[in-house]
Amino acid sequence: MNADPRIDPADLRPSDPAAARALQDRLAPLVRAEPVDPGRVSLVAGLDVTYAPGDDRLVAAAVVLSAQTLEVVDSAAVAAEPRFPYVPGLFAFREVPPLLEAIGRLRVAPDVFACDGFGLAHPRRFGLACHIGLLLDRPAFGIGKSPFVGTAEPPAEERGSWTPLIDAGEVVGRAVRTRSGVKPVYVSIGHRIDLAGATELALRLAPNYRVPEPIRRADRLSRDRLAAL
DNA sequence: GCGACAG
DNA sequence: ATCTTGTCGC
């Protein structure tokens, strides 16, 4: 589960925001961009977490789809309690522990992880998708529904168009139009994938809706499971 | 100093 | 994130 010896498991549960930020600063340099051929991706896991009103409970879900057919081939959901407050930029410390638990219950090994949130498009260039990708040593990217850091020109109205998301002079992601005439999603790499591959994959995974299917499925599963508690 | 701030 | 229905438009 922790494939990188440079990551001390004890650090994965920082006791306070300052320690969490320091950990992100330390791990950010380990992120690598690698070319990935979307056509050769077989299984994609979508990750999402739903919170109960009042913030006392959550359900983390991982749903694996065939990248080819978009059929669900496996899924897992776990109920838990938040162990870290919501702090913009430290989102991962809240969601990663239960997500890893859900991922650990999968019976298949996903090729790529699609995360609800950001990767490099983050104040310290180490968002949720980077945490997931680095900890699992697998390709991972993030899909955000609203911009977090950086600015992007509005992409052309037709599905498939995109513009660079730029923060402090560097390209940290893309605003991608997954549906014509609908507001874009924000794609950024997490680890072991590149922006072009993440963009094409996001588009392939979102043929009919704005949000890529794996994440939509994970959202639905976590929501349904929470409602059933 | 002030506002903004993934889910 | 969540509290919340119907409604307009493709």
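Order of the sequence lines sets the chain letters (A, B, ...), proteins ahead of strands, with each chain counted from 1. Keep in mind that what you see is a predicted model, and the values were worked out from it rather than measured.
- Under the ring-ring contact (aromatic ring centres under 6.0 Å, His included) criterion, the residue pairs touching residues 95-136 of chain A are A/Phe93-A/His131, A/Phe126-A/His131, with sequence neighbours excluded.
- In this entry the distance linking CG of A/Asp56 with C1' of C/dA1 reads 13 Å, nearest Å.
- Within 4.0 Å (heavy atoms only), A/Gly142 reaches no atom of the nucleic acid at all.
- Residue ring and nucleobase are stacked for A/Tyr86 and B/dG7, with a centre distance beneath 5.5 angstrom and an angle between planes beneath 30°.
- Rounded to whole Å, the distance from CZ on A/Arg21 to P on B/dC5 is 17 Å.
- Neither A/Phe148 nor A/Phe91 shares a network with the other; the hydrophobic side chains, linked directly or stepwise wherever heavy atoms of I, L, V, M, F, W or Y lie under 4.5 Å apart, form separate groups for each.
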Tell me, what's DNA chain C's dot-bracket, Watson-Crick or G-U with both distances under 3.5 Å, | for other-strand, [ ] crossing?
..........
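- Residue side chain A/Phe148 meets the stacking definition with respect to B/dA6: its ring centre sits within less than 5.5 angstrom of the base's six-membered ring centre, and the planes differ by less than 30 degrees.
- With rounding to whole Å, A/Asn208 atom CG is found 14 Å from C/dC10 atom C1'.
- Atom pair A/Ile143:CD1 and B/dG7:C1' shows a separation of 15 Å (rounding to whole Å applied).
- Ionic pairing of A/Arg216 and A/Asp48 is not present here: no N-O contact between side-chain nitrogen and carboxylate oxygen is shorter than 4.0 angstrom.
- Protein atom CZ of A/Phe91 is 9 Å distant from nucleotide atom P of C/dA1, rounded to whole Å.
- Of the N and O atoms on the side chains of A/Arg210 and A/Thr178, not one donor lies less than 3.5 Å from an acceptor on the other residue.
- Across B/dG7, C/dT2, B/dC5, the shortest atom-to-atom separation from the side chain of A/Pro53 is found for C/dT2.
- Under a 4.0 Å N-O distance rule, the pair A/Arg223/A/Asp219 qualifies as a salt bridge.
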Can you run through DNA chain B from 5' to 3' and write each base as (, ), [, ], | or . depending on how it pairs? Watson-Crick or G-U wobble, both distances under 3.5 Å.
.......
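- Per the geometry, CD belonging to A/Glu158 stands 18 Å off P belonging to C/dC10, to the nearest Å.
- Candidate nucleotides B/dA6, C/dC3, B/dG7 were compared by shortest atom distance to the side chain of A/Arg94, and B/dG7 ranks first.
- A 4.5 Å side-chain heavy-atom check between A/Arg138 and A/Val112 finds every atom pair outside the cut-off.
- Between A/Val49 and A/Val59 there is no side-chain heavy-atom pair separated by less than 4.5 Å.
- A donor and an acceptor atom, one from each side chain of A/Tyr86 and A/Glu95, are nowhere located under 3.5 Å apart.
- Of the candidate nucleotides C/dT2, B/dA6, B/dG7, C/dT2 has the atom nearest to the side chain of A/Thr50.
- Atom CD of A/Glu157 is separated from atom P of C/dC10 by 13 Å (rounded to the nearest Å).
- As judged by a 4.0 angstrom heavy-atom cut-off over every strand, A/Arg223 is placed among residues touching the sugar-phosphate backbone only.
- Residue-level contact check: A/Leu128 touches the bases, meaning some heavy atom is under 4.0 Å from a base atom.
- Under the 4.0 Å criterion applied to side-chain N and carboxylate O atoms, A/Glu158 and A/Arg177 are not assigned as salt-bridge partners.
- Two residues are said to be in side-chain contact when any heavy atoms from C-beta on lie closer than 4.5 Å; A/Cys130 and A/His191 fail this criterion.
- Phosphate contact (OP1/OP2 of B/dA6, side-chain N/O of A/Lys145, threshold under 4.0 Å): absent.
- Rounded to a whole Å, the CG atom of A/Leu90 is 20 Å from the P atom of B/dA4.
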